[in-house]
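Below is one structure, written out as structure tokens, with a few remarks after it.
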Amino acid sequence: MDLFSADTVRPPFIAREQSPEWNALPFAERVIAWQRSHGRAGLPWQLTRDPYRVWLSEIMLQQTQVTTVLGYYERFLQRFPTVAALAAAPSEDVLALWSGLGYYARARNLHRCAQAVVDEHGGEFPRSAEGLAELPGIGRSTAAAIAAFCFGERVAILDGNVKRVLTRALAYESDIASSASEKALWAVATDLLPDAPAGEPLHAAMATYTQGLMDLGATVCTIRRPACDACPAHATCQGRASGAPERFPVKTRKLKRGKRASVLLWLQHKERVWLVRRADSGVWAQLWSLPEFDTAVALERAVAPWPGTLEWMAPFKHVLTHFDWMLQPLKLQWHGAVSDALQREIDRLVAVNAGAVDEPGEADVHGDVEEPDDEASVAPTVGEGRWFARADLDGVGIPSPIRKLLDAAL
DNA sequence: ATCCTGAATA
DNA sequence: TATTCAGGAT
């Protein structure tokens with residue numbers, strides 16, 4: 001069953017067929033009416049007002065689609081049923097359950113936030129958007145969403161979906177990246193908030209309106225080919241009137257990505273692979289991955305004295321926001337025993353990664369030619385490495401492309 | 001400016 | 001198949 005497309009479970013909403021009186025309703029009331037009949041309902045995090053669950057869903061839904069989050073949300077709650085359980089957990093376990101979701105700073109902030117709620121707020125989330133926004137990982141929009149859903153606070157959200165809906169409704173021509181636009185759109189979002197309907201608590205209106213704006217952006221006012229006929233704001237939408245609603249929001253700055261190339265050491269002994277924990281900052285911070293080198297030469301120098309043969313595996317590209325990353329795995333495999341001396345060498349590689357060992361020392365030990373620019377040749381890690389059997393990989397955080405690589409060949 | 005991934009498009 | 005794009009908080 002497709003929970004995300006309202007039209008699969010409900011008759012299509014055709015704005016044209018609505019009465020003139022209905023179209024004359026204020027924006028918020030139109031959104032609310034649409035949400036009640038055509039918004040997404042029944043998603044796991046919509047069945048509760050528990051701030052812990054709503055907060056978790058909002059963090060997971062940042063930069064991540066509903067279908068992806070569904071695969072993580074329940075599993076996470078099973079392992080951490082309460083904010084106290086999450087606060088008490090090792091950060092390693094939190095990252096393991098976040099593994100594959102991406103933007104791992106969210107998981108680190110999530111954990112810090114849980115600890116702040118327990119340590120500084122007696123285990124209860126603040127009941128206002130203002131209070132929520134002071135917690136790690138909760139910005140203005142996420143704070144407002146939680147406050148609207150859980151406490152019915154009359155406060156505006158402004159995420160990517162909402163920006164799209166609003167800029168189209170207004171045919172807003174300025175680049176939304178500017179701080180002036182940001183400010184203006186927050187003001188618009190706040191202006192459009194519903195008033196308490198007669199004989200109805202504001203709480204319900206705020207929750208429905210907030211969800212409605214999100215769902216409208218996700219299912220009707222889509223990036224490409226918006227379904228204007230199905231939109232409750234159809235009649236007054238300036239973007240639609242302009243004939244090219246998909247032109248909004250206006251973004252003049254084009255993103256340009258840099259390039260980076262790295263070499264990964266796949267160190268395999270029998271059925272196990274050697275992984276290191278990455279540094280506390282930078283890409284894939286604190287996740288487990290294959291040791292990373294700037295060049296094949298640097299990698300070959302590091303493993304030169306070791307047994308086994310180096311095998312070049314298929315290179316692959318991984319795209320991040322700010323650069324295209326070409327990754328070349330080199331597999332070093334052997335089946336003999338790991339002597340204490342060799343294991344010390346392997347541990348030492350990690351220590352070098354962490355910057356704990358002087359580079360000249362390494363050159364001496366390996367009897368290698370001195371090379372300039374050696375310091376940047378190995379990506380930093382936090383100095384921890386372990387052998388992993390296939391079954392061990394489930395228990396730790398591993399970046400998606402690395403997990404995929406390991407799954408395919410380990 | 002820096003984080004990651006999956007979906008959409010070419 | 002390869003490339004482009006979207007998406008909040010810090």
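Everything numeric in this text was worked out from a predicted model, so none of it was measured. Numbers restart at 1 for each chain; the letters A, B, ... are given by sequence-line order, proteins then strands.
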How about W334(A) and H269(A): are their ring centroids closer than 6.0 Å?
yes
In whole Å, what is the span from the CZ atom of F323(A) to the P atom of dT2(B)?
9 Å
In whole angstroms, how far is the P atom of dG7(C) from the CD1 atom of I59(A)?
17 Å
Go through the side-chain N and O atoms of S128(A) and E153(A) and say whether any donor and acceptor fall under 3.5 Å apart.
no
Does H322(A) put a side-chain nitrogen or oxygen below 4.0 Å from OP1 or OP2 of dA1(B)?
no
Answer yes or no on whether R75(A) is positioned over the face of Y72(A), meaning its NZ or CZ is under 6.0 Å from the six-membered ring centre and within 45° of the axis.
yes
Result for 5'-nearest mapping on DNA chain B, choosing between R260(A) and T68(A), is R260(A)
Of the listed nucleotides dA9(C), dG7(C), dC4(B), the one nearest the side chain of L320(A)
dC4(B)
Quick check for you: among dA7(B), dG8(C), dG7(C), whose closest atom lies nearest to any side-chain atom of I223(A)?
dG7(C)
DNA chain C nearest-nucleotide lookup for Y103(A) and R112(A): closer to the 5′ end is Y103(A)
Side chain of N161(A) - closest among dA9(C), dG7(C), dA7(B)
dG7(C)
With respect to the phosphate group of dA9(C), does any side-chain polar atom (N or O) of T142(A) fall under 4.0 Å of OP1 or OP2?
yes
Separation of atom CG in L185(A) from atom P in dG7(C), rounded to whole Å:
14 Å
In this structure, how many angstroms lie between the P atom of dA7(B) and the CG atom of L70(A), rounded?
13 Å
Expressed as a whole number of angstroms, how long is the span from H318(A):NE2 to dC3(B):C1'?
10 Å
Exercise: do Q343(A) and W387(A) side chains pair donor with acceptor under 3.5 Å:
yes
Atom CH2 of W186(A) and atom C1' of dA9(C): how far apart are they, to the nearest Å?
12 Å
Looking only at side-chain N and O atoms, does R224(A) come under 4.0 Å of OP1 or OP2 in dA6(C)?
no
Measure from NZ or CZ of R53(A) to the centre of the six-membered ring of W45(A) and say whether it is under 6.0 Å with the direction within 45° of the ring axis.
no
Roughly, in whole Å, what's the span from CZ in R108(A) to C1' in dT10(C)?
11 Å
Whole Å only: how far is the NZ atom of K317(A) from the P atom of dT4(C)?
7 Å
Any side-chain N or O of N109(A) under 4.0 Å from OP1/OP2 of dA9(C)?
no
Under 4.0 Å between a side-chain N/O of Q63(A) and OP1 or OP2 of dA6(C), yes or no?
no
